Number of protein chains: 2
Amino acid sequence: MALRTGELCVCQIVELLQLAHSTVSKHMSILKQAGLVESRKKGRWVYYRLNNDPGRSFLAEQALNWVCEATSNDPVILDDLKILNENVRLDPDALCKSKIGK
Amino acid sequence: MALRTGELCVCQIVELLQLAHSTVSKHMSILKQAGLVESRKKGRWVYYRLNNDPGRSFLAEQALNWVCEATSNDPVILDDLKILNENVRLDPDALCKSKIGK
DNA sequence: TCTATACATCGCCACATAACGAAATATATG
DNA sequence: CATATATTTCGTTATGTGGCGATGTATAGA
């Protein structure tokens, strides 16, 4: 759901979800393996984004749609999106050092 | 997936999946609470069916579609459907006593 | 009313999953 | 080349889930 606002690097997701780096990294690798997200590496950062590739599996597309519709009104999700929007104008590099929301 | 062939009572599902009665009953109650299946009681039997009510939630509909598409080619699912089709002509009451596939 | 059958509920145990910290790897920078 | 930062991998621990048997409830039939 966080990735709907655009790609995020691991440390941004860490700050958003307040989880350990290792936890987020592991989850993202699982999501990537499942074909739900893609990643690109830029320098020290790895940016994850939703898989919107036309060649993605229909199952992945449906799963993403379902999760989006099932959680888009969840108060926690809404709070998270609010935090993300407040930082969306910042340069990702700056964000990574300044820590999201601080 | 088994309910795609029509409604089934708990003991039929027990025979199909080779699980304990309590396990099947628990799972069906969870599926019912989630709005994925409905049930009707007839005498001592409780028949479960997929929730195809037009008033069902869109989330439930999508979830059912997703599961169907994700598993319809699974070999275990195909075997199970084969077993069900072999018994589809029988009277449910008779089925319950004769045990599916025996 | 008593018994048998079908289903639901409860408590317990085994196993799977998710979390963390520590250590390893990769890359930019001094 | 050494250091700092970002990410990944590994091992351990805590929590969640799925399974069963025992027990309780409802209904049909003797």
Side-chain angles (χ1 to χ4, degrees), chain A residues 1-3 6-49 63 67 70-71 74 76-77 80 84 87 90-102, chain B residues 1-3 6-51 63 67 71 74 76-77 80 87 90-102:
Chain A
M1 289 302 283
L3 296 181
E7 65 183 7
L8 293 173
C9 65
V10 175
C11 67
Q12 290 175 309
I13 303 171
V14 165
E15 285 301 316
L16 178 67
L17 302 182
Q18 294 288 298
L19 293 170
H21 285 237
S22 57
T23 302
V24 171
S25 178
K26 185 172 152 190
H27 275 265
M28 295 315 295
S29 72
I30 292 170
L31 292 174
K32 187 179 177 182
Q33 191 189 347
L36 301 183
V37 305
E38 294 178 311
S39 65
R40 74 182 172 91
K41 188 164 190 172
K42 184 186 181 186
R44 282 171 288 184
W45 292 276
V46 176
Y47 290 94
Y48 285 95
R49 62 181 179 277
V67 169
T71 67
D74 183 289
V76 175
I77 294 290
D80 286 351
L84 285 171
N87 291 276
L90 296 178
D91 176 39
D93 289 16
L95 260 181
C96 233
K97 288 180 182 168
S98 70
K99 304 302 186 184
I100 283 190
K102 292 175 185 173
Chain B
M1 290 302 282
L3 296 181
E7 63 182 9
L8 294 172
C9 65
V10 174
C11 67
Q12 289 174 309
I13 302 171
V14 165
E15 285 302 317
L16 178 66
L17 303 181
Q18 295 289 298
L19 293 171
H21 284 246
S22 57
T23 302
V24 171
S25 179
K26 184 172 151 189
H27 275 265
M28 296 315 293
S29 70
I30 292 171
L31 292 175
K32 187 179 178 183
Q33 190 190 349
L36 300 182
V37 304
E38 294 177 310
S39 65
R40 74 181 171 93
K41 187 162 189 172
K42 183 185 182 184
R44 283 171 290 186
W45 292 275
V46 175
Y47 290 95
Y48 285 96
R49 62 181 180 278
L50 294 180
N51 181 1
V67 169
T71 67
D74 183 289
V76 175
I77 293 290
D80 286 351
N87 291 277
L90 296 179
D91 176 37
D93 290 15
L95 260 182
C96 231
K97 288 180 185 171
S98 68
K99 305 299 184 183
I100 284 192
K102 290 179 187 170

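A, B, ... follow the sequence lines: proteins, then strands. Residue 1 opens every chain. Please read these numbers as outputs of a predicted model, since none were measured by experiment.
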Handout entry: Spacing of A/Y47 atom OH relative to C/dA26 atom C1', expressed in whole Å
Key = 16 Å

Practice task
Find the distance between OG (B/S39) and CG (B/L31) and round it off to the nearest 0.5 Å.
Solution key: 11.5 Å

Completion exercise
Of all heavy-atom pairs linking A/V76 and A/D74, the shortest is N-OD1, 2.7 Å

Completion exercise
Paired with A/V37, the side chain to side chain contact (heavy atoms under 4.5 Å, CB included) test is passed by just one of A/H27, A/R49, A/E7, A/M28, namely A/M28

Problem - Reported CZ-to-SG distance for the pair A/R44 and A/C11, which is rounded to 0.5 angstrom - result: 10.5 Å

Fill in the blank from the handout: Rounded to whole Å, the CD1-P distance (B/I13 to C/dC7) equals 9 Å

Practice task
Quick one, give me the B/S/- string for nucleotides 23-30 of chain D, reading 5' to 3', where B means a protein heavy atom under 4.0 Å from the base and S means that only happens at the primed atoms, P, OP1 or OP2.
Solution key: ---SBS--

Completion exercise
note: A/L8, atom CG; D/dT7, atom P; distance rounded to Å ~ 11 Å

Handout entry: Nucleotide D/dT7, atom C1' - distance to NZ of A/K32 in whole Å
Key = 12 Å

Exercise for the section: Would you kindly give the CE-to-C1' distance between A/M28 and D/dA6, to the nearest whole Å? Expected result: 15 Å

Atom pairs under 3.5 Å: protein N/O with N/O of nucleotides 16-19 of chain C:
| unit_1 | atom_1 | unit_2 | atom_2 | d |
| --- | --- | --- | --- | --- |
| C/dA19 | OP2 | A/H27 | NE2 | 2.5 |

Exercise for the section: May I ask you to evaluate whether A/Y48 reaches the phosphate of D/dT8, defined as a side-chain N or O under 4.0 Å from OP1 or OP2? Expected result: yes

Problem - Flag side-chain contact, heavy atom, 4.5 Å: A/T23 against A/L17 - result: no

Completion exercise
Taking D/dT7, D/dC10, D/dA22 as options, the one with an atom nearest any side-chain atom of A/S22 is D/dC10

